[in-house]
Amino acid sequence: MPQLIAVVGATGTLGRTVVEVARAEGLEVREIARSRGVDIVTGEGLDEALRGVQLVIDCFKPPTLEAEQATEWFHEAMSGLGDAARRAGVTRTVVTSIVGIDGMQDYGFYRAQLAHEQAAREHCPGTVIVRATQFHDFVGNMLVRDGDGDGDGEGLQVMEAPSQPVDTRAVAALLLRTALAEQPDELLQIAGPQVENTLDQARRLLAARGDATPVTGAPASESMSRGGMLPGPEVPTVGQTYEQWLDEHERPHDTMTGGAPRQGGDRT
């Protein structure tokens with residue numbers, strides 16, 4: 001019998017992509033998000049949303065990147081999701097995480113993300129972790145106004161570190177394969193094909209948009225600066241390069257000749 005898949009965080013960048021890819025493959029998907037009337041922390045609408053579901057793909061993110069608050073939120077969310085999933089008879093929970101977080105615990109949100117993994121294993125049925133490098137739109141979301149925090153700077157800043165960004169479509173495909181596999185590994189990883197520098201990425205992003213705002217680099221954590229976001233040699237590399245992604249999503253296209261319009265997105 002075809003299995004019903006629930007995508008938690010279905011309206012975020014990755015969640016939307018998972019839903020699109022799954023439906024394109026003829027799979028039945030149920031979208032779980034607060035905008036769909038379901039709250040995994042309070043439990044509002046959750047039992048109904050999971051009724052009949054066998055597989056859950058977790059693509060959600062907390063409402064804050066502050067380490068302690070995000071950690072607490074992850075624990076509450078995974079506890080509530082896990083309880084509801086067990087009541088519904090869910091057999092597998094695929095959790096999206098980040099490559100390299102074990103070695104980047106000097107960055108607060110990555111400590112919270114590791115707690116997310118641990119909470120999922122503790123509470124959710126059949127937990128499998130899929131770690132991905134940062135998405136192509138990560139740099140655009142990290143841009144902040146230059147200055148002393150008053151938002152009045154004329155330029156922009158982005159933390160500067162090496163990265164190896166990955167296409168969300170490749171991540172979505174791996175999440176779905178993992179959800180549907182008979183016996184997947186408990187931890188899988190995926191990365192994009194090419195090493196980049198976040199400051200260079202940011203400058204190319206603005207150039208692709210026709211935006212001349214200057215961008216400078218800001219210090220990243222020590223672990224990020226020394227390459228903590230880069231995958232190890234054992235991690236499969238797939239999907240578009242950052243340059244290819246810019247060409248598809250950020251550079252203006254002539255719609256009269258069938259080119260795709262520019263799109264953006266937020267990092268989930």
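Since the structure is predicted, the reported quantities are computational estimates derived from the model, not experimental observations.
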Salt-bridge contact Arg34-Glu44 (side-chain N to carboxylate O under 4.0 Å): no

Check: Ala191 main-chain N/O paired with Thr237 side-chain donor or acceptor under 3.5 Å: no

Pair His249-Asp137, side-chain donor/acceptor within less than 3.5 Å: no

Ion pair Glu20/Arg16, N-O distance below 4.0 Å: no

Geometric class of the Trp73/Phe60 ring pair [parallel <30°, tilted 30-60°, perpendicular >60°]: perpendicular

Pairwise side-chain contact, Val144 with Leu156, heavy-atom cut-off 4.5 Å (strictly under): no

Check: Arg30 side chain, Ala49 main-chain N or O, donor-acceptor pair, under 3.5 Å: yes

Aromatic contact, Phe135 with Phe138 (centres under 6.0 Å): no

Heavy-atom check, side chain of Ile101 versus side chain of Glu117, under 4.5 Å: yes

Pro236 to Gln189 - nearest heavy-atom pair and separation: CD-O, 3.4 Å

NZ/NE/NH1/NH2 to OD/OE distance under 4.0 Å, Asp211 and Arg203: no

Backbone of Ala10 reached by a side-chain donor or acceptor of Arg36 within 3.5 Å: no

Any Asp167 side-chain heavy atom under 4.5 Å of Val171 side chain: no

Side-chain donor-acceptor contact under 3.5 Å, Gln194 with Gln164: no

Stepwise side-chain contact (heavy atoms from CB on, under 4.5 Å) test for Leu114 and Gln105: CA-CA 9 Å; Leu114 198 58; Gln105 293 297 288; 3.8 Å; yes

Glu31/Arg23 salt bridge by N-O under 4.0 Å criterion: yes

Side chain Thr93, main chain Gly126, donor-acceptor under 3.5 Å: no

Heavy-atom check, side chain of Leu143 versus side chain of Gln157, under 4.5 Å: no

Least distance between heavy atoms, Val215 atom then Ala202 atom: CG1-CB, 4.0 Å

Over 12 foreign heavy atoms within 6.0 Å of CD, Glu234: yes

Carboxylate-amine/guanidinium proximity below 4.0 Å for Glu248 and Arg169: yes

Between Ser163 and Gln134, a side-chain donor and acceptor under 3.5 Å: no

Residue pair Ile57 / Cys59, side-chain heavy-atom distance below 4.5 Å: yes

Any Arg87 side-chain heavy atom under 4.5 Å of Asp47 side chain: yes

Sole candidate of Val90, Thr91, Val29, Leu4 that passes side-chain contact (heavy atoms from CB on, under 4.5 Å) when paired with Leu55: Thr91

Glu68 side chain to Glu66 backbone, donor-acceptor under 3.5 Å: no

Shortest non-hydrogen contact between Ala170 and Ile190, atoms and distance: O-CD1, 3.6 Å

Closest approach of Leu14 to Ala172 (non-hydrogen atoms, all atoms of both residues): CD1-N, 4.1 Å

Ser79 side-chain N/O to Glu76 backbone N/O, donor-acceptor pair under 3.5 Å: no

Heavy-atom closest contact (Ala33 atom, Thr11 atom, distance): CB-OG1, 3.8 Å

Aromatic ring pairing Tyr242/Trp245, orientation class (parallel under 30°, perpendicular over 60°, tilted between): parallel

Pair Met142-Thr198, side-chain contact (heavy atoms from CB on, under 4.5 Å): steps then yes or no: CA-CA 9 Å; Met142 294 299 292; Thr198 55; over 6 Å; no

Side-chain (Asp39) to main-chain (Thr42) donor-acceptor, under 3.5 angstrom: yes

Path from Val130 to Val99 over hydrophobic side-chain contacts below 4.5 Å: no

Cluster check Val235, Leu188: I/L/V/M/F/W/Y, side chain < 4.5 angstrom: no

Non-hydrogen side-chain atoms of Thr96 and Asp58 separated by less than 4.5 Å: no

Residues Arg204, Glu250: salt bridge by 4.0 Å N-O rule: no

Exercise: identify the closest heavy-atom pair between Ser225 and Glu160: OG-O, 4.3 Å

Heavy-atom check, side chain of Leu176 versus side chain of Leu27, under 4.5 Å: yes

Distance-only side-chain donor-acceptor flag, Asp106 / Ser223, under 3.5 Å: yes

Check against side chain to side chain donor-acceptor pair (under 3.5 Å), Glu72 and His75: CA-CA 5 Å; Glu72 182 179 354; His75 278 293; over 6 Å; no

Backbone of Gln240 reached by a side-chain donor or acceptor of His136 within 3.5 Å: yes

